[in-house]
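All values derive from a computational prediction rather than experimental measurement.
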Number of protein chains: 2
Amino acid sequence: MSFEERKKTRVTLVDVARQANVSRATASLVLRKSPLVGSETRMRVEQAMRDLGYVYNIGAARLRVERSQIIGAIVPNLTNPFFAELLSGIEEVIGATGKVVILANSGDQVERQEMLLRRMREHGVDGVILCPAARTESALSDQIADWGMPVVQVLRHISLGLDYVGVDYAAGMRQAVDYLASLGHEKIAFAVLGPIHSAYQERVDGFRDAMLSRNLDPRILIHFPTQLGEIANATHLLFDQATRPTAVICFNHIVALGLSAGLHDRGLTIGRDLSLVGFDDVADAEAIRPKLTSVATGPVAIGEMAARLLVERIGNPDLPPRRVVNDTTLHIRQSCGRPG
Amino acid sequence: MSFEERKKTRVTLVDVARQANVSRATASLVLRKSPLVGSETRMRVEQAMRDLGYVYNIGAARLRVERSQIIGAIVPNLTNPFFAELLSGIEEVIGATGKVVILANSGDQVERQEMLLRRMREHGVDGVILCPAARTESALSDQIADWGMPVVQVLRHISLGLDYVGVDYAAGMRQAVDYLASLGHEKIAFAVLGPIHSAYQERVDGFRDAMLSRNLDPRILIHFPTQLGEIANATHLLFDQATRPTAVICFNHIVALGLSAGLHDRGLTIGRDLSLVGFDDVADAEAIRPKLTSVATGPVAIGEMAARLLVERIGNPDLPPRRVVNDTTLHIRQSCGRPG
DNA sequence: GAAACATTTTAGATCGATCTAAGTGCAGGA
DNA sequence: TCCTGCACTTAGATCGATCTAAAATGTTTC
């Protein structure tokens, strides 16, 4: 079929109306399941739609009503399974409401994020779920308000003026610290990585507070490279410290995986020579050996909740800003023991 | 700002035109960087756009020209990091062309896939990258041709009539078998999982052919559950066979991860007691210990290539169907040894 | 000075839906 | 018979861009 024919073949409401012997307006009412049309007419129109293979043109409708049925999702890193799970939750809930998700990857770069937001506005998205790139200025929130665009922040936040769905990172850190302390650990390190953003800060602050409240030294903060492969090779950083830790809390599952591998390479036994607590608890935690004791943050549920909030906000833009902060769960597995 | 005000505030080309003292048509020409407008006029219009905070309305434009600048991507499972990497490649290339990706998850269900395709047509996507759900009938390809919708199949194929970007699974299996055979293995099992589709079939056939061409018994095909957690518990299946294998090739990284864990649980040393070869080679392969020898299929590159083919096809729908079949690479690490 | 030409600009139709306001029958009541 | 009300149905304007064909303007040539 050539381009010309295809174009000619394209079925619109007018074609349906002609075929069913009604007006455009009536066909449109049938489309929207209005109770106004008579049942005989309705059936005739529906038959005509089937016969002609009519496909609704959301784009055309959007011009009239201000609903594109598209929402945007911007995440800093698609290849991280954590964000993939988040997306999965978003897609599921949004898909169930008949809307569609435009996906974009900011690469944690503010300028790219800016470009993506503009592109999404050009596409007339009904709203955006945004995990703000590191170093995003809180002024972005004012712009978003100017635009009148419904936005839900996930996992990281830049402003109290926008909805936020996240995790009680501080409580998660407390759970990890408390657990390790209960095993007798006193020299606990926090292995961090990546750029600084609210989720980073909350974890670091949570760690410090939890350590201080037990009179433990909260200063063993060790920065690792961001690439998984390089973390294992940087494991020595753990032992270059003034006080050598007996336990390590990991910033996320990537650090945990990397350290788990690196410790193995050094012939150390996790849980005996050094205790390890992970964060995020993606599938890997169950799959590596020893199984990783880990603070679960439930990315899928966060995605679902963010999507639900966004749908609500789109329906009612004047709602006051809400914050949903999920609890974490400590999954105790095999990677921790008493200090040697 | 209330809803009403916002609506009133919305800036259109007419507003820009009025502000710049030109006509709608001229403003439109500036927008599209036409060489027809004089430079003084162009500057005046651009200034007006900036002053008013004009945002292009792609949806409105789409009504006139048949280009939505949206493409769709349908994958069977979002939480699988393999598909997340695929998507990442797609998003990068598509994003670079100024288009946008609608993401959808078929859950490997044909009816859901059907619904998603319709939804994408309603949104007027310019094309779709489809990893067909298992049991998709090849008749779908005829429908797609009827619709005149550009489609690229990735990783799995249902029809020779559509573009396809995938992996030479058979060659990958041969690499794995040859490598294990070169170490002296003769009893090699293939640990599979999930529903049957072209990629499954090609791997199974490739395994059989590779085994047969070395006069080895190709019949040790073991089915595992699909959930990562359950695979480890089902490791015993490896030893319930008539002939106990000395090496196992894994269908994908999930099986590899599960078995790696399960073997560890049974006190077996991978590479000594049993050799393991993975498939897909996502980040985990480097991260588990022993490091997993694995056949790399390069999901990001596949996504990029699929996106490139789709863009080409959209530009030129009359191209004959193309197939791009990437080579695999065997990454030899630590999970294989000589048979005990 | 007018014709011929190139360069810019524009009015009006158009894409495919929705919305408003008005129109058509038809039954029942005065 | 005429009016009112009810149940449907519809013409025409509209959303915000693009496209076509023509008009306005400026420039050169004879």
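- A salt bridge links R156(A) to D108(A): at least one charged side-chain nitrogen sits closer than 4.0 Å to a carboxylate oxygen.
- Not a single donor-acceptor pair under 3.5 Å links the side chain of S159(A) to the backbone N or O of S141(A).
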> Base, backbone or nothing for each nucleotide of nucleotides 15-20 of chain D, written B, S, -, heavy atoms under 4.0 angstrom, 5' to 3'?
Replying inline: BBBBB-
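- In this entry the distance linking CZ of R42(A) with C1' of dT9(D) reads 13 Å, nearest Å.
- Taking side-chain N and O atoms only, S23(A) has a distance below 4.0 Å to OP1 or OP2 of dT10(D).
- Judged by distance alone, the side chains of Q47(B) and R50(B) do bring a donor and an acceptor atom under 3.5 Å apart.
- Between the side chains of S28(B) and R32(B), at least one donor N or O lies within less than 3.5 Å of an accepting N or O.
- The salt bridge (Lys or Arg N to Asp or Glu O under 4.0 Å) analysis of residues 119-142 of chain A, with sequence neighbours excluded, yields the pairs R118(A)-E122(A).
- Phosphate contact (OP1/OP2 of dT9(D), side-chain N/O of T41(A), threshold under 4.0 Å): present.
- Salt bridge annotation for R313(A)-D163(A): present, with a cationic side-chain nitrogen under 4.0 angstrom from a carboxylate oxygen.
- End-to-end axis angle for the helix from dG1(C)-dC30(D) to dA30(C)-dT1(D), using five pairs per end and rounding to 10°, comes out at 70°.
- Rounded to whole angstrom, the span from the CZ atom of R18(A) across to the P atom of dT10(D) amounts to 14 Å.
- Checking V300(B), L155(B), N80(B) one by one against L86(B), the side-chain contact (heavy atoms from CB on, under 4.5 Å) holds for a single residue, L155(B).
- In this structure the side chain of L103(A) never reaches within 4.5 angstrom of the side chain of V100(B), judged on heavy atoms.
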